Asker: 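Dropping a structure here in structure tokens format, bear with me for questions.
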Amino acid sequence: MSETTSDSAFPNTANLIWQPKLSDLKKYRHFDSELDLEDIATIIGNPEYVTHHPFRPLLHFEQKWRRPPKNGKKREPKIRPIRYACRKDAYIYKYYRTILSNLYEAKLHEKGLENCVLAYRKIPVTVGKNTNKNNIYFAKDAFDCIDRLGKCCAIAVDISDFFGSLEDKNVKRIWNRILGTEKLPNDHKAVFKSIVNYRYVHMDDALVALGYSEYDSVSKKLRYKINPKKIPIQLCSPNDFRKKIVDSGLVKKREKPYGIPQGTPISDLLANMYLLDFDIYMNNYAHKRGGYYFRYSDDILLILPGDGRAACGAEKTISRIIKKSGEHLKIKPSKTEIVCYTGQPTGKQRCYSLVVVENAKLRKRCSVNEGLSYLGFRYDGSNAFIKNSTLSNLRRKVIKACINAAYVHVRGHREKNLSWLLEKSPINAVKTEFMNVEDFEDSVREALEQEGAAFKVMTFWSYIRRAKKVFGKKSGKLFLQLRGIENLIQQSLEHQIRLQFSKRG
């Protein structure tokens, strides 16, 4: 065995190996060609190949969504940069993710963290069953903890730019720790370097350079020059990649000397691993005080016995301890939510919030008592509700869907008058997109049997129906919050049809 092969080999990985299936084949657009299962297996199972593999630039796009006003003030849209790998690189990342994930799961179990670190993991609803928990179950678990403690406080903390704050040396340190090595094997080292020294290309720039789109000379907005559906899965040949992408200077390096990309198959696991010591400390901190600790990616939640004094002490502890995991990890007090529960019976004040006083380090008691917001829901000590911002986003999506549906409806029936357009409005199609799906459970089961995505048959209404089932007695107010959605669809669609008809002239 050669020295390189020996250094790349990793012992006892027979049960950690990822075996690709047909459902793993990636059909998205990128710079490389598609691979079959045999090719994938040959690549990922060869440490020597991975060691010398030239990882390609990631493709970059941005997820944007409007945020509802807070305290009457308009807020800037939230922007999340997504950078995803070409097919061959993604398969390699998935393979090494599996190796690390199995070892990391064992470490979580050893440290008693298997029910504390929630995101990017499969946690069964019932031991031995295939159904795994999602955010509904995680929210219910947290709300049940509040009920068990009675008089308690909940401290919800958010890490700013989590993925973009991870330091190379600490990523490498935890990688070695999970592997149980002092020095990364050569193949692991190559994967590590590709993640921390990643390069990327803006998707829009690539489409323009390859002739699929162009920027409008007036609006400066991007528009397609061909039917988007005809853009090939392999965006270009290797020759065009070198000439039109690389030689044109479209390949960018990461902006800061730290941070990993969000969007590769291994990024989420590395982010989870990164906070292992923090998770151990905070879980022990909570247990010593008779409380609970949870972390869902960058969302940290502590539930402790006591009042605001216990909460403020915990807030300071979180800010102090997280710095030990990396100097760039930051927590903004203005984004930290503290809710105190009184343990009082129904009919009396069940909770109150402590909010930051502007230009001061102190917090004051807030007169609005909506309860803790967590993973899309909020809890006032008695009832679970849909989070206010989630409802606002739903209403915006409904209005947008009505605008699109009205545009297609009116433009597709140019010869029809307004009365006909209103009578034949596509309201059922819009309702189906958001409201109840008949035979929902059968549809989900059929999707799973066909190895399809069950979420494709899920509407917001069926999502809340599932939440109602999971929350049980706490769910009494959930559907009451959706009473106005059907009326909103009716009114918005009619308004948009009239508006599009008036524009038609």
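Keep in mind the model is a prediction, meaning the values are calculated, not measured.
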Asker: Can you confirm whether more than 12 heavy atoms, excluding those of Lys122, are under 6.0 Å from its NZ atom?
Answerer: no

Asker: Within the 4.5 Å heavy-atom criterion, are Asn46 and Val50 side-chain neighbours or not?
Answerer: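 Contact flag for Asn46/Val50 side chains = no.
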
Asker: Is a donor on one side and an acceptor on the other found under 3.5 Å between the side chain of Ser319 and the backbone of Glu315?
Answerer: yes

Asker: Go through the steps for Leu58 and Val201 under the test side-chain contact (heavy atoms from CB on, under 4.5 Å), then give the verdict.
Answerer: CA-CA 6 Å; Leu58 310 172; Val201 176; over 6 Å; no

Asker: Is Asn170 close to Ile174 at the side-chain level, that is, under 4.5 Å between some pair of heavy atoms?
Answerer: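 They are not in side-chain contact.
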
Asker: List the steps and the verdict of side-chain contact (heavy atoms from CB on, under 4.5 Å) for Ile136 and Arg466.
Answerer: CA-CA 8 Å; Ile136 300 173; Arg466 176 171 291 184; 4.1 Å; yes

Asker: Less than 4.0 Å between a side-chain N and a carboxylate O, is that true for Arg173 and Asp277?
Answerer: yes

Asker: Does the distance from a Lys or Arg side-chain N to an Asp or Glu carboxylate O, for Glu105 and Arg121, drop under 4.0 Å?
Answerer: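 Between Arg121 and Glu105 there is a salt bridge, with a charged N closer than 4.0 Å to a carboxylate O.
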
Asker: Evaluate Ser267 against Thr264 for side chain to side chain donor-acceptor pair (under 3.5 Å), listing each step before the verdict.
Answerer: CA-CA 5 Å; Ser267 297; Thr264 76; 2.5 Å; yes

Asker: Can you check whether Asn135 reaches Phe377 side chain to side chain, under 4.5 Å on heavy atoms?
Answerer: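 Side chain of Asn135 against side chain of Phe377, heavy atoms only: contact under 4.5 Å found.
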
Asker: State, without any angle test, whether Ser194 and Tyr93 hold a side-chain donor-acceptor pair at a distance under 3.5 Å.
Answerer: yes

Asker: Show your working on side-chain contact (heavy atoms from CB on, under 4.5 Å) between Ile427 and Gln490 and close with a plain yes or no.
Answerer: CA-CA 7 Å; Ile427 187 168; Gln490 177 89 39; 3.2 Å; yes

Asker: Classify the ring geometry between Phe55 and His53 as parallel (under 30°), tilted (30 to 60°) or perpendicular (over 60°).
Answerer: perpendicular

Asker: Report yes if some heavy atom in the side chain of Leu275 is under 4.5 Å from a heavy atom in the side chain of Ile159; otherwise report no.
Answerer: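 They are in side-chain contact.
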
Asker: Does the plane of the ring in His60 sit parallel, tilted or perpendicular to the ring in His202? Use 30° and 60° as the thresholds.
Answerer: perpendicular

Asker: Do Leu235 and His30 have side-chain heavy atoms sitting under 4.5 Å apart?
Answerer: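 No; the side chains remain at least 4.5 Å from each other.
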
Asker: For the CG atom of Asn404 and the CG atom of Leu493, what is their distance to the nearest 0.5 Å?
Answerer: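 One gets 11.0 Å once the value is rounded to the nearest 0.5 Å.
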
Asker: Quick check for you: to the nearest 0.5 Å, what is the distance between Glu34 atom CD and Asp39 atom CG?
Answerer: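 Taking CD in Glu34 and CG in Asp39, the distance rounds to 11.5 Å.
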
Asker: Looking only at heavy atoms, which two atoms of Ile79 and Pro81 are closest? And how far apart?
Answerer: O-CD, 3.9 Å

Asker: Please name all residues satisfying side-chain contact (heavy atoms from CB on, under 4.5 Å) with Glu370, sequence neighbours left out, ordered by chain then number.
Answerer: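 By the side-chain contact (heavy atoms from CB on, under 4.5 Å) rule, Glu370 matches Val368, Arg378, Asn388.
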
Asker: Once you round to the nearest 0.5 Å, how far does CG of Leu269 lie from OG of Ser101?
Answerer: 5.5 Å

Asker: State, to 0.1 Å, how close Tyr374 and Phe138 come at their nearest heavy-atom pair, and which atoms those are.
Answerer: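 So the two residues come closest at CE2-O, 3.9 Å.
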
Asker: Find the distance between SG (Cys402) and CG (Leu499) and round it off to the nearest 0.5 Å.
Answerer: 12.5 Å

Asker: Answer yes or no: is there a side-chain heavy-atom contact under 4.5 Å between Leu250 and Pro57?
Answerer: no

Asker: So does Asp141 pair up with Lys133, basic N to acidic O under 4.0 Å?
Answerer: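 A salt bridge is present here (some side-chain N lies under 4.0 Å from a carboxylate O).
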
Asker: Where do Gln481 and Leu391 come nearest, in terms of heavy atoms and distance?
Answerer: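 Gln481 and Leu391 have their closest heavy atoms at NE2-CD1, 3.4 Å.
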
Asker: Assess whether side-chain contact (heavy atoms from CB on, under 4.5 Å) is satisfied between Ile44 and Lys94, documenting all intermediate values.
Answerer: CA-CA 9 Å; Ile44 63 177; Lys94 180 65 179 291; over 6 Å; no

Asker: Tyr91 and Leu25: which non-hydrogen atoms are nearest, and at how many Å?
Answerer: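 In this case the closest contact between Tyr91 and Leu25 is OH-CA, 3.5 Å.
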
Asker: Are the side chain of Arg83 and the backbone of Gly263 linked by a donor-acceptor contact shorter than 3.5 Å?
Answerer: no

Asker: Using a strict cut-off of less than 4.0 Å between a Lys/Arg side-chain nitrogen and an Asp/Glu carboxylate oxygen, indicate whether Arg87 and Asp32 qualify as a salt bridge.
Answerer: yes

Asker: Give a yes or no answer on whether the side chain of Arg295 reaches the backbone of Asp279 with a donor-acceptor pair at less than 3.5 Å.
Answerer: no

Asker: With a sphere of 6.0 Å drawn around CD of Glu255, does it hold more than 12 non-hydrogen atoms of other residues, nucleotides or ligands?
Answerer: yes

Asker: Looking at Tyr274 and Glu167, would you say the former's side chain and the latter's main chain have a donor-acceptor pair under 3.5 Å?
Answerer: yes

Asker: Got a sec, which pairs hit ring pair (Phe, Tyr, Trp, His ring centres under 6.0 Å) with one end in residues 232-263, sequence neighbours left out?
Answerer: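 Sorted result for residues 232-263: Phe31-Phe241, Tyr258-His328.
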
Asker: Using only atom types and a distance under 3.5 Å, with no angle test, would you say the side chain of Asn393 pairs donor to acceptor with the backbone of Ser389?
Answerer: yes

Asker: Answer yes if the side chains of His52 and Glu48 hold a donor-acceptor pair under 3.5 Å, and no otherwise.
Answerer: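 Result is yes, a qualifying pair exists.
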
Asker: Donor-acceptor pair, distance only, cut-off 3.5 Å: does the side chain of Arg97 make one with the backbone of Ile92?
Answerer: no

Asker: Could you grab the distance from atom CD1 of Ile331 to atom CD1 of Ile318, nearest 0.5 Å is fine?
Answerer: 6.0 Å

Asker: Verify, without hydrogens or angle tests, whether Asp298 (side chain) and Asp161 (backbone) share a donor-acceptor contact under 3.5 angstrom.
Answerer: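 Checked: no pair found.
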
Asker: Can you tell me if Glu486 has over 12 outside heavy atoms packed within less than 6.0 Å of its CD?
Answerer: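 Counting neighbours around CD of Glu486, 12 or fewer heavy atoms of other residues, nucleotides or ligands fall under 6.0 Å, so no.
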
Asker: Are any non-hydrogen side-chain atoms of Tyr96 and Asp187 less than 4.5 angstrom apart?
Answerer: yes

Asker: Measure from the side-chain N and O atoms of Lys323 to the backbone N and O of Leu329, and report whether any donor-acceptor pair falls under 3.5 Å.
Answerer: yes

Asker: Are Tyr28 and Tyr84 close enough that their ring centers fall under 6.0 Å?
Answerer: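 Yes, ring centres under 6.0 Å apart.
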
Asker: Is a salt bridge present between Arg80 and Glu62, judged by a nitrogen-to-oxygen distance below 4.0 Å?
Answerer: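 A salt bridge is absent here (no side-chain N lies under 4.0 Å from a carboxylate O).
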
Asker: Using residues 405-414 as the side-chain source, report each donor-acceptor pair under 3.5 Å to any protein atom, sequence neighbours left out, with the distance given to one decimal.
Answerer:
unit_1, atom_1, unit_2, atom_2, d
His409, NE2, Leu421, O, 2.9
His413, ND1, His409, O, 2.9

Asker: Starting at CE of Met203, measure out to CZ of Arg29 and round the result to the nearest 0.5 Å.
Answerer: 7.5 Å

Asker: So Lys21 and Leu37, do their side chains get closer than 4.5 Å, heavy atoms only?
Answerer: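 No, side chains not in contact.
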
Asker: Under a 3.5 Å threshold, yes or no: a donor from one side chain and an acceptor from the other, between Asn272 and Tyr104?
Answerer: no

Asker: Grab the two heavy atoms, one from Gly211 and one from Lys225, that are nearest each other, plus how far apart they are.
Answerer: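 Closest approach of Gly211 to Lys225: O-CD, 3.8 Å.
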
Asker: Using every non-hydrogen atom in the two residues, find where Pro333 and Val356 come nearest and quote the distance to one decimal.
Answerer: O-CG2, 3.6 Å

Asker: Taking Arg56 for the side chain and Asp89 for the main chain, is one N or O donor matched with an acceptor at less than 3.5 Å?
Answerer: no

Asker: Given 3.5 Å as the limit, does a donor-acceptor pair link the side chain of Asn176 with the main chain of Leu184, or not?
Answerer: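 Yes; at least one donor-acceptor contact below 3.5 Å.
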
